[in-house]
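These notes concern the structure reproduced below.
Keep in mind that what you see is a predicted model, and the values were worked out from it rather than measured.
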Number of protein chains: 2
Amino acid sequence: MRRRPTIRDVASASGVSMGTVSRVAAKSSVVSPETRHRVEQAMRTLGYVPNIAARTMRTNRTKIVGLLLPDLANTVFLLLAKAAERLLGAEGYTLFLYSSERSPTREIEFLELASRYRMDGLIVSLSDETNQSVVEALSKMECPIVLLDRDTPIRADVVFSEHAEAMQRVTAHLIELGHRRIALITAPLGIRPGRERVLGYRAALRDAGLGVDEALIGHDYQTSKYGFSKALEMLRRPVPPTAVIAGGDEIFYGVLRATRQLNLAIPGDVSIVGADNRMLSDVVTPMITIIDRDMEQVGDTAADMLIRRMNGEGGEPVHVHLPSEVILRSSTAKPRPDVV
Amino acid sequence: MRRRPTIRDVASASGVSMGTVSRVAAKSSVVSPETRHRVEQAMRTLGYVPNIAARTMRTNRTKIVGLLLPDLANTVFLLLAKAAERLLGAEGYTLFLYSSERSPTREIEFLELASRYRMDGLIVSLSDETNQSVVEALSKMECPIVLLDRDTPIRADVVFSEHAEAMQRVTAHLIELGHRRIALITAPLGIRPGRERVLGYRAALRDAGLGVDEALIGHDYQTSKYGFSKALEMLRRPVPPTAVIAGGDEIFYGVLRATRQLNLAIPGDVSIVGADNRMLSDVVTPMITIIDRDMEQVGDTAADMLIRRMNGEGGEPVHVHLPSEVILRSSTAKPRPDVV
DNA sequence: GGCTCCAATGAAAACGTCACCATTATATCA
DNA sequence: TGATATAATGGTGACGTTTTCATTGGAGCC
């Protein structure tokens, strides 16, 4: 296997110095048109490809941005990733995608990777903001970081999504339809979305003067399996809920499977509210009422904030809050008069 | 911002030479237990993190493997990626995930990236094996490559999935149930799975002595939108098909949406066969008959082949063929007697 | 014509690591 | 005891790039 041509080979082939070749390769400073043309010619014939590792050594910049997500199977995160990649790519950054599979161990592995490869910046969605060692590892990072929707003591920019208010609205809507036993299954309280959703849910019940049945709230795991078993358990109670709100993608899957297992009609037997996954909500019969947010906007915002920081912009950490939307569709309706 | 500690700082802090520190960092050769301990101590107090770029310069290995996929939203590819990552990670490789979004331009961008970063190996799933410039760029790469399920003139290892036979079996099954107008919507003929599926489909019809109605075969795009519009068009014909086979994940989504739009009962009005997406097939009512393959096995196989090549194993390109499975469930049944 | 100024290019050092070779200390054996 | 093998460590150059500083040649000006 022959050696890859270097800037030196290109230099001697085109009769200029290495400095000039570098200037052509980086498209940076002034090179006369004739020289530029001659050098580019030589690059093409030799098949020269710049060596990023060497460039990194010299410049201390990798032009790599790491994106840590809890889960790649989740459509919302992919939308976010795509949006962020678009903006970062325009600035010459390459996006390195990593899924923690909701494992703190893997989150730390990612940070280790980011350190070793000297990534220029990170966008991070944690699976558990209460995990001490992850938070500590994160705060020790030397590059700019943008956090996604988490409350931590880390001094970093954060993009928040609004959850409580949307949850309150959709719960109020169910109450207005006549529902009195509304179940909520959502993410653990160890992450902000879980907490906020429960807050909004409780607020709606309180506003309506209704008590909260703690047995109708589940927030243990953010998995399809948990959504399934918890929904099954609730819907099998002697006096089952007439509506189930699923907070988060995986749980939504699980809840749907449970209603099917029990052969329940939606919304005849039970009203269902999902979250985020427009694709699934569109294909399931009937169309599902969902709490939706613009994940592209989240990705754009995060990328934009990160780019500023990587360009050396200083100042206090910035917190941005983005809205959620309730999209009412046919999976939510009045409960059967006999079951209320 | 202070300078990151280097191997030199660790050396002087622990009173040994840089060479020894390097030996400790790389866990490679012999270092006495006491020295190792002292060096590791110094690394921890200084917060030393090895610089991969510098290592790469020296060793000519990045320990990065690129994985090019047409689409990250597709569950099957994620299973594959996860499996490959597990095996490669055990060998110290980091997986760099890239989605081409089925765009040849992005595929070339990926190869460019792989060249510049000097990735050690690639696993590649092309979106169109007939695209000349992509094939050319691919054949110019200097690192080992494993191709996924594509026929190209490139001298590289390939992991094939079996499609024709499974398609033939499931088509035969529908015929046996009494179906005579069976539609097939699948990937373009520009990629192997599309071609193979059409072959298997035709073979089953031929074996049963049935003619092929070309209007019931669609293979133009591998998108949900295409699946939707094509299924809609077919199912609205004066004499519609009694069964629809969807080859590929996105198309499957589209077909499902079409049946819902037309308010068709599955399998009452039309039998449906899906492919690959177990998650969706599980959540939709009724459970969908699918053609399934073990994508973890595909990922494992590809990673294993690549690791061998990266370790310098020579020899002719290896082609592996892996089976597909037909899982019969309740979305396929006898057609209504009156419509046959 | 002599001066300054600027554009274009060249020369060389430095980034952090590893691998080779050299050196030293220690163990082994005849 | 002396010779030799072995284990552990030190010293140093090179990987390919960018960037600073220096140099050159020519244009513009008085």
Query raised in the report: Would you say C:dC18 has OP1 or OP2 under 4.0 Å from some side-chain N or O of B:R55?
Result: yes

**Report entry** Interatomic distance, B:N60 CG vs D:dA14 P [rounded to whole Å]
**Finding:** 16 Å

**Report entry** Atom-to-atom span, NE2 of B:H37 to P of D:dT9 - whole angstrom
**Finding:** 14 Å

Report task. Among C:dT9, C:dC18, D:dT9, find the nucleotide with the atom closest to the side chain of B:S17. Result -> D:dT9

Query raised in the report: For B:T6 and C:dG16, is the shortest distance between a side-chain N/O and OP1 or OP2 below 4.0 Å?
Result: no

**Report entry** Under 4.0 angstrom between A:T59 side-chain N/O and D:dT17 OP1 or OP2
**Finding:** no

Query raised in the report: Can you check the B:N51 CG to C:dC18 P distance for me, whole Å?
Result: 9 Å

Report task. Using whole Å, report how far NZ of A:K63 lies from C1' of D:dT18. Result -> 15 Å

Query raised in the report: What about B:R23: does its side chain form a donor-acceptor pair under 3.5 Å with the base of D:dG10?
Result: yes

Query raised in the report: Starting at CE of B:M57 and ending at P of D:dT17, how long is that distance when rounded to a whole Å?
Result: 8 Å

Requested in this report: Ignoring hydrogens and angles, state whether a donor on the side chain of B:E101 or B:S103 is under 3.5 Å from an acceptor on the partner side chain.
Outcome: no

Query raised in the report: Between B:A54 and B:P33, which has a closest nucleotide on DNA chain D that is more 5'?
Result: B:P33

Requested in this report: Determine, for B:E34 against B:R38, whether the closest basic-nitrogen to carboxylate-oxygen distance falls under 4.0 angstrom.
Outcome: no

Requested in this report: Answer yes when B:D120 and B:K63 have at least one side-chain N-carboxylate O distance shorter than 4.0 Å, and no when they do not.
Outcome: no

Query raised in the report: With nearest nucleotides of DNA chain D determined for A:Y48 and B:E34 from heavy-atom distances, which residue corresponds to the more 5′ nucleotide?
Result: B:E34

**Report entry** Cationic N near anionic O, under 4.0 Å, A:R4 to A:D9
**Finding:** no

Query raised in the report: What is the distance, rounded to the nearest whole Å, between atom CZ of A:R61 and atom P of D:dT18?
Result: 14 Å

Report task. For A:G15 and for B:M18, find the nucleotide of DNA chain C with the closest heavy atom, then tell me which residue's nucleotide is more 5'. Result -> A:G15

Query raised in the report: Taking atom P of C:dT17 as reference, at what distance in whole Å does atom CZ of B:R8 sit?
Result: 10 Å

Query raised in the report: Is the shortest side-chain N/O distance from B:T20 to OP1 or OP2 of D:dG10 below 4.0 Å?
Result: yes

Requested in this report: Among the candidates D:dG16, C:dC18, D:dT18, find the nucleotide nearest to the side-chain atoms of A:S22.
Outcome: D:dT18

Query raised in the report: Would you say the side chain of B:R58 and the base of C:dC18 hold a donor-acceptor pair, judged only by whether the two atoms sit under 3.5 Å apart?
Result: yes

Query raised in the report: Can you check the B:I52 CD1 to C:dC18 P distance for me, whole Å?
Result: 8 Å

Requested in this report: Just call it for A:T35: base, sugar-phosphate, or nothing, with non-hydrogen atoms closer than 4.0 Å on any strand.
Outcome: sugar-phosphate

Query raised in the report: Can a salt bridge be assigned to the pair B:R102 and B:E107 using a cut-off of 4.0 Å between side-chain N and carboxylate O?
Result: no

